[in-house]
Trainee: 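Below is a structure I'd like to ask you about.
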Amino acid sequence: VQLMESGGGLVQSGGSLRLSCAASGIDFRVNNMAWYRQSPGKQRELVAGIFDGVRRHYAESVQGRFTISRNIDERRLYLQMNNLFPDDGGVYYCNMGTIHRAGRIAEGPYWGQGTQVTVSS
């Protein structure tokens with residue numbers, strides 16, 4: 001399994017970025033998938049996920065600003081991030097095989113190398 005993120009960069013507060021994760025070696029249709037981020041001094045946290053192909057979950061801090069989507073034919077996972085805040089900065093990781101069971105979400109076994117997002121105030 002290979003996952004490769006792209007689209008990170010430096011943006012001003014209030015700006016937008018679109019992250020992309022290209023996947024290979026995994027059945028894209030049946031796997032849950034998600035975006036996580038790790039900010040300096042903080043634990044890695046779930047940002048958004050797609051479960052069972054249709055259900056979306058968002059962290060409360062990004063609700064209404066971020067949109068997760070996927071293109072099955074392209075085997076890509078996306079994260080559209082609008083109205084970015086400095087606290088949104090960090091390394092964003094694509095995760096595949098994310099577990100969603102009994103109302104709880106756990107990290108799956110497959111990770112990309114991450115893409116850095118920096119939001120200036």
Side-chain angles (χ1 to χ4, degrees):
V1 178
Q2 288 191 324
L3 304 176
M4 183 167 295
E5 300 95 335
S6 60
L10 173 64
V11 64
Q12 288 187 330
S13 183
S16 298
L17 284 173
R18 188 191 194 202
L19 305 184
S20 176
C21 172
S24 62
I26 191 169
D27 191 339
F28 202 76
R29 295 176 180 271
V30 301
N31 273 273
N32 294 331
M33 51 199 72
W35 288 96
Y36 283 76
R37 71 182 175 201
Q38 185 154 24
S39 305
K42 297 182 181 179
Q43 288 188 329
R44 187 162 57 194
E45 61 176 341
L46 174 68
V47 176
I50 296 178
F51 303 103
D52 300 325
V54 293
R55 287 184 292 164
R56 266 71 168 168
H57 173 88
Y58 295 95
E60 186 175 342
S61 63
V62 307
Q63 186 80 38
R65 300 187 296 122
F66 290 13
T67 302
I68 188 171
S69 62
R70 66 176 187 169
N71 185 310
I72 294 176
D73 291 337
E74 294 181 356
R75 301 174 63 82
R76 285 185 176 269
L77 179 68
Y78 296 100
L79 185 68
Q80 177 66 44
M81 307 187 294
N82 297 328
N83 191 20
L84 284 159
F85 303 149
D87 283 350
D88 293 319
V91 180
Y92 282 70
Y93 297 92
C94 176
N95 180 248
M96 294 279 168
T98 318
I99 299 165
H100 188 196
R101 188 175 301 135
R104 300 183 66 180
I105 299 170
E107 300 170 355
Y110 306 113
W111 294 94
Q113 84 290 345
T115 185
Q116 177 73 48
V117 172
T118 304
V119 185
S120 63
S121 57

Trainee: Are Gln38 and Tyr36 close enough that some pair of their side-chain heavy atoms sits under 4.5 Å apart?
Mentor: no
Trainee: Is the shortest side-chain heavy-atom distance between His100 and His57 below 4.5 Å?
Mentor: no
Trainee: Identify whether Tyr58 and Val119 are in the same connected component of the hydrophobic contact network (ILVMFWY, side-chain heavy atoms under 4.5 Å).
Mentor: yes
Trainee: Between Asn32 and Asp52, is any pair of side-chain heavy atoms under 4.5 Å apart?
Mentor: yes
Trainee: Quick one: does Cys94's side chain get under 4.5 Å of Met33's, heavy atoms only?
Mentor: no
Trainee: Go through the steps to decide whether Val62 and Arg37 satisfy the test side-chain contact (heavy atoms from CB on, under 4.5 Å), and finish with yes or no.
Mentor: CA-CA 12 Å; Val62 307; Arg37 71 182 175 201; 4.0 Å; yes
Trainee: Is there side-chain contact between Ser16 and Asn82, with heavy atoms separated by less than 4.5 Å?
Mentor: yes
Trainee: Side-chain contact, heavy-atom cut-off 4.5 Å: Leu84 with Phe66?
Mentor: yes
Trainee: Could you tell me which non-hydrogen atom of Phe28 sits nearest to which non-hydrogen atom of Arg70, and how far apart they are?
Mentor: O-NH1, 3.2 Å
Trainee: List the atom of Arg56, the atom of Ser69, and the distance in Å for their closest heavy-atom pair.
Mentor: NH2-CA, 4.1 Å
Trainee: Can you establish whether the number of heavy atoms outside Arg101 located under 6.0 Å from its atom CZ is more than 12?
Mentor: no
Trainee: Got a donor-acceptor contact below 3.5 angstrom from the Glu5 side chain to the Gly114 backbone?
Mentor: yes
Trainee: Minimum heavy-atom separation for Leu79 and Ala48, please, with both atom names.
Mentor: CD1-CB, 4.1 Å
Trainee: I'd like to know if Ile26 and Ile50 are part of one continuous hydrophobic network [Ile/Leu/Val/Met/Phe/Trp/Tyr, side-chain heavy atoms within less than 4.5 Å].
Mentor: yes
Trainee: Work out which heavy atom in Ser13 is nearest to a heavy atom in Pro86; give both atom names and the distance.
Mentor: OG-CD, 3.7 Å
Trainee: For Gly108, does its backbone N or O pair with a side-chain atom of Thr98 as donor and acceptor, under 3.5 Å?
Mentor: no
Trainee: What closest approach, in Å, do Gly97 and Pro109 show between heavy atoms, and which atom pair accounts for it?
Mentor: O-CD, 3.9 Å
Trainee: Taking the side chain as every heavy atom from C-beta outward, state whether Leu3 and Met96 have any atom pair closer than 4.5 Å.
Mentor: yes
Trainee: Heavy atoms, side chains only, cut-off 4.5 Å: are Leu19 and Met81 in contact?
Mentor: yes
Trainee: Looking at Arg76 and Ser20, would you say the former's side chain and the latter's main chain have a donor-acceptor pair under 3.5 Å?
Mentor: no
Trainee: May I ask you to check whether over 12 heavy atoms, not counting those of Gln113, lie within 6.0 Å of atom CD?
Mentor: yes
